[in-house]
There are 2 protein chains.
Amino acid sequence: MKHNGKLALALHSLGHLALSQTPMTSEAIAAQNQTHPVVVRRVLGRLRAAGLLQSEKGHAGGWRLARPAAQISVADVYAAIDEPFLSLQLPKAPPECGIVAAMQTLVSAAMTEAEAVLHSHFARQSIADLAQAMQGHGHAAPEKPAFLPGDSPL
Amino acid sequence: MKHNGKLALALHSLGHLALSQTPMTSEAIAAQNQTHPVVVRRVLGRLRAAGLLQSEKGHAGGWRLARPAAQISVADVYAAIDEPFLSLQLPKAPPECGIVAAMQTLVSAAMTEAEAVLHSHFARQSIADLAQAMQGHGHAAPEKPAFLPGDSPL
DNA sequence: GTTTCATGTAACTTTTATAGTTACATGATT
DNA sequence: AATCATGTAACTATAAAAGTTACATGAAAC
């Protein structure tokens, strides 16, 4: 599967922007993410379109949060990226076949619910939470409790 | 995102195999799925390795279920395919950064739980359930099937 | 035993999605 | 005006999935 790094890039950038007093340039952000400034502009451009970020040209320009980090949830970012991250393909065989139709129903329902689970996880964490993980001690902060831990069979 | 059609191919094939009295060839299955016989062998080969299917060479050879369709769950098939269907990429940025570490924790937990939801959906449906969807209404009753003249009563 | 049928698999090609890059326009600050 | 930074289109590169070719293996039919 061809992986998709847009969410990771977006969250990492937002986390650093939350900690920065001044705007950050695409070039600085690209360096932190080991990628290219144009890629940064493409991804952050979606967040700007969603009202999460603002950008300025010229001297002292760059990117900054459009509202406080505590008021930007990871789910907001996930929605702003607006890409399907689940790669289960629905069949190309003719849906007149009852098997195909039944499969479509099943897979669609499962994917919808899986997306809902992702969303509910992401809705509980804000960019401020991610940024705090860096200021705290420089390492991973546990996720906010949302579900009972340890009951995932996968 | 690069879509992945292996699960759809596998489920559709198994559904028809559940209804067939005789083995089906890769060529016949490929025609039903509008794909190539070698692709069918690649995908069904994984199901054989997982003990869900058996294959025979030569005349009257082909594929058949290794056990009754009611005893093969969609989750069994999903597990046999054994591919990651969630394309959220964990960051390539150095994990010494606390933001990256926190993000990894969050995304991993969310993906794990999303996978669990898929699994629980798929565990509730068997291949027999899918096949029933065809016999119930759906499509042409067990008349002469499309793939071979004469002796293949599906 | 040879022909035919079908799977098994490696190797290659094609397709497509993501990421990376180049080039240039636009606007803001100095 | 010069510089800095974003905005975007167009192109290239990489990687994953599917499609295809080629050939080996084994089983049944003749």
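Keep in mind the model is a prediction, meaning the values are calculated, not measured.
Between D:dT6 and A:Thr25, no contact under 4.0 Å exists linking OP1 or OP2 to a side-chain N or O. For the pair B:Lys57 and D:dA24, the criterion of a side-chain N or O lying under 4.0 Å from OP1 or OP2 is not met. For D:dA5, neither phosphate oxygen OP1 nor OP2 lies less than 4.0 angstrom from any side-chain nitrogen or oxygen of A:Ser55. Neither OP1 nor OP2 of D:dT6 sits under 4.0 Å from any side-chain N or O of A:Arg48.
The nearest whole Å value for the distance from the CH2 atom in A:Trp63 to the P atom in D:dT6 is 7 Å. One can place CD of B:Glu83 at 9 Å from C1' of D:dA17, the figure rounded to the nearest angstrom. Between A:Gln54 atom CD and C:dA28 atom C1' the separation is 16 Å, expressed in whole Å. Separating the CG atom of B:Asp82 from the P atom of D:dA16 is a distance of 16 Å, rounded to the nearest angstrom. Rounded to a whole Å, the NE2 atom of A:His3 is 15 Å from the C1' atom of C:dT16. For the pair A:Ile29 CD1 and D:dT6 C1', the interatomic distance rounds to 12 Å; values are reported in whole Å. Spacing between atom CZ of B:Arg46 and atom P of C:dT9 amounts to 13 Å, rounded to whole angstrom units. In this structure, the CE atom of B:Met24 is 15 Å from the C1' atom of C:dT7, given to the nearest Å.
The nucleotide whose nearest atom lies closest to any side-chain atom of B:His59 is, among D:dA28, C:dT30, D:dA17, D:dA28.
In terms of position on DNA chain C, the residue among A:Val39 and A:Glu56 whose nearest nucleotide sits closer to the 5' end is A:Val39. When each of A:Gly58 and B:Ser26 is assigned the nucleotide of DNA chain C with its nearest heavy atom, B:Ser26 is the one assigned upstream, toward the 5' end.
In this structure, B:Gly45 reaches neither bases nor backbone, as no heavy-atom distance under 4.0 Å exists between it and the strands shown.
B:Val74 places a side-chain heavy atom less than 4.5 Å from the side chain of B:Leu130. A heavy-atom distance below 4.5 Å is not found between the side chains of A:Leu7 and B:Met103.
Side-chain contact of A:Ser13 with A:Trp63: a donor-acceptor pair under 3.5 Å is absent, judged by distance alone. For A:Gln32 and A:His12, the side-chain atoms include no donor-acceptor pair closer than 3.5 Å.
The pair B:Asp82-B:Lys6 does not count as a salt bridge, with every side-chain nitrogen at least 4.0 angstrom from each carboxylate oxygen. A:Arg46 and A:Glu83 are joined by a salt bridge, as a carboxylate oxygen and a charged side-chain nitrogen come within less than 4.0 angstrom of each other.
By the 6.0 Å contact criterion, CD on A:Gln54 is enclosed, its count of non-hydrogen atoms from other residues, nucleotides or ligands being greater than 12.
To the nearest 0.5 Å, atoms CE (A:Met24) and CG (A:Leu14) are separated by 10.5 Å. Atom SG in B:Cys97 sits 10.0 Å away from atom CD in B:Gln104 (nearest 0.5 Å).
The base of C:dT21 lies close enough to the side chain of A:Arg42 for a donor and an acceptor atom to sit less than 3.5 Å apart.
For the strand DNA chain C, secondary-structure stems (runs of at least three Watson-Crick or G-U pairs, all distances below 3.5 Å) span C:1-30 with D:1-30.
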Taking only nitrogen or oxygen atoms into account, show me every contact under 3.5 Å that the protein makes with nucleotides 21-23 of chain D, one pair per line with its distance.
none

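Residues B:Val38 and B:Val40 do not share a hydrophobic cluster, defined by chaining ILVMFWY side chains whose heavy atoms lie under 4.5 Å apart.
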